[in-house]
Protein chains: 2
Amino acid sequence: MLEKSHKHVTCATCSARKNSLFGTYGESEVIDLNHEKMCNYYKKNQPLFVEGSFPRGVFCLNQGKVKVFTRGDEGKEQIIHIAKAGDVIGFRSMFSGEPYKVSASTLEESNICFIGKDDFLLMMESNPILRNGIIKELSKELGDRAQFITNMAQKSVRERLAFSLLILEEIYGEEEINLTREDMANFVGTATETLIRLLKDFKEDEIIEIHTRKLQIVNREKLLRIAGR
Amino acid sequence: MLEKSHKHVTCATCSARKNSLFGTYGESEVIDLNHEKMCNYYKKNQPLFVEGSFPRGVFCLNQGKVKVFTRGDEGKEQIIHIAKAGDVIGFRSMFSGEPYKVSASTLEESNICFIGKDDFLLMMESNPILRNGIIKELSKELGDRAQFITNMAQKSVRERLAFSLLILEEIYGEEEINLTREDMANFVGTATETLIRLLKDFKEDEIIEIHTRKLQIVNREKLLRIAGR
DNA sequence: CTTAAAACATGACCATTATCAGTTTTAAGT
DNA sequence: ACTTAAAACTGATAATGGTCATGTTTTAAG
């Protein structure tokens, strides 16, 4: 449970900032940054932005998890990415000039700061390190998505689930993986029923432990083997 | 058939340049660009770069088509993107510092210019318009790939083929679509046999015309309906 | 503490699509 | 023009995984 006090975050003491795009900022830049951002508390399942709308700024996660997803023709979500503390999201469309092609919602209660479009673009113009960090980030994600596409096209659901669990483990770190079955299915790209059956298999094979909603990997080796490489 | 003379291209008269990243270049910049680039003729199926290696520069297509692909665990290709004249490819990994996550090979005989890494990065530093163009391009592709992932996860092969044919039509423009069945299958993300059967269906439904290797869309409306949206 | 709704789970069924094993056609090189 | 290899195609078969129907558990709200 997040304290209400968490609502007010200062960039100088923000532990998430260290491994964020703003991790290299010096003292005076942090003060400026802190001045420009607004911080908000979000409940579970609150939208940050929605596919089709135009961006007004970027979101910087201080605490919590956010799913980034698109909807297919039948409205089913496909989760593209799960953002965690320190991640900055929503800048893609600001550069392309297009409306958002993805939506983003909190997966749990979160503290998230907002930096307006103009402020952010100005920072980018004047700060080559930030700029290069963003270019690097865009490029890295582009590579990840190429692999994501290939996995979707060529791996079985079982293999994709193994792969996804390994990614989720990285995202959740010390915490247990905590997603609804539906969200996990939408990340793996399968039907909820299929996902539930496969989780049961993995549990019986002693690859994972299931604690109702939460989930823990107990045999990473096996998962790696199933995921293929 | 490309003339041997096509091998030597000057940026000033390069028709592909107009709608490329360098489209906004002024006269003196074009002269510099021309000085920095090297132009080469490629036969069909020649690699430009290979997954896992490190980039030495970027490739600018003057004429021809190039497939950008990754290989899955069993070595099967998944085509992520097909580049045409005017497209600049291979810059992603230069920014991320990682090795290439994709490979690129010519699909037909092509004239392709090369700009060395240092020259290119220098141009980027000194030219905000180029820089912003690249950021925009990266962002746009990121959006496209989110949709690609969703299509892979949620659409049937039939729907994906329809979708892919519409994309291929844009890429090939006036020319007829000209890909081996295997390449097309690797773009759609399916088995070659399945692709062949579906093409036959589409032909019988008078959606496409097949001229041995080449292929033409005759009913775009139907394709749009099948592709969904 | 109760109750309704959401999430989770399981079974039965079948359509889609991959795989394998071939044959025919096309293209490329000598 | 002839030879050969690669590409295109066809058919049969099987399994993966989606859908629907239904029951159970968990969670959240009053």
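A note on names: the letters A, B, ... follow the listed sequences, proteins ahead of strands, and every chain is numbered from 1. Since this is a predicted model, take the numbers as computed values, not measurements.
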- Task: Would you kindly give the CD-to-C1' distance between B:Glu193 and C:dT24, to the nearest whole Å?
- Result: 15 Å
- Item | Closest non-hydrogen atom pair between A:Glu98 and A:Pro55, with its separation | O-CD, 4.2 Å
- Message: By the definition side-chain hydrogen bond (donor to acceptor under 3.5 Å, both in side chains), identify the one residue from A:Gln78, A:Arg181, A:Lys76 that meets it with A:Asn186.
- Response: A:Lys76
- Bounded by its outermost nucleotides with an atom under 4.0 Å from a heavy atom of chain B, the footprint on DNA chain D reads D:dA7 to D:dA12
- Query: Do B:Leu179 and B:Tyr172 have side-chain heavy atoms sitting under 4.5 Å apart?
  - Reply: yes
- Note on the structure: In whole angstroms, the gap separating P of C:dA28 from CD of B:Glu109 amounts to 11 Å
- Identify all stems in which DNA chain D takes part, counting only runs of at least 3 consecutive pairs (Watson-Crick or G-U wobble, each distance under 3.5 Å), and give each as one range with another, ordered by first number. C:1-30 with D:1-30
- Message: Treating A:Arg17 as the side-chain partner and A:Phe22 as the backbone partner, does any N or O pair qualify as donor plus acceptor under 3.5 Å?
- Response: yes
- Message: Side chain of A:Arg181 only, heavy atoms from C-beta on: which candidate in C:dA7, C:dT10, C:dA9 is closest?
- Response: C:dA9
- Task: Look only at the side chain of A:Arg158 and the backbone of A:Ile226, and say whether a donor-acceptor pair between them is shorter than 3.5 Å.
- Result: no
- Query: Atom CG of B:Asn178 and atom C1' of C:dA27: how far apart are they, to the nearest Å?
  - Reply: 13 Å
- Task: Measure from the side-chain N and O atoms of B:Thr13 to the backbone N and O of B:Val9, and report whether any donor-acceptor pair falls under 3.5 Å.
- Result: no
- Chi angles and distances behind the salt bridge (charged side-chain N to carboxylate O under 4.0 Å, His left out) call for A:Lys43, A:Glu109: CA-CA 4 Å; A:Lys43 287 187 292 205; A:Glu109 45 178 3; over 6 Å; no
- Task: Decide if atom CD of B:Glu36 counts as having more than 12 heavy atoms of other residues, nucleotides or ligands within a radius under 6.0 Å.
- Result: yes
- Message: Salt bridge check, A:Glu141 against A:Arg92: does any charged N sit closer than 4.0 Å to a carboxylate O?
- Response: no
- Message: Among A:Phe120, A:Tyr42, A:Phe59, A:Phe49, which residue satisfies the ring-ring contact (aromatic ring centres under 6.0 Å, His included) criterion with A:Phe114?
- Response: A:Phe59
Between the protein and nucleotides 12-17 of chain C, which nitrogen or oxygen pairs are less than 3.5 angstrom apart?
{"from": "C:dT17", "atom 1": "OP1", "to": "B:Val157", "atom 2": "N", "distance (Å)": "2.8"}

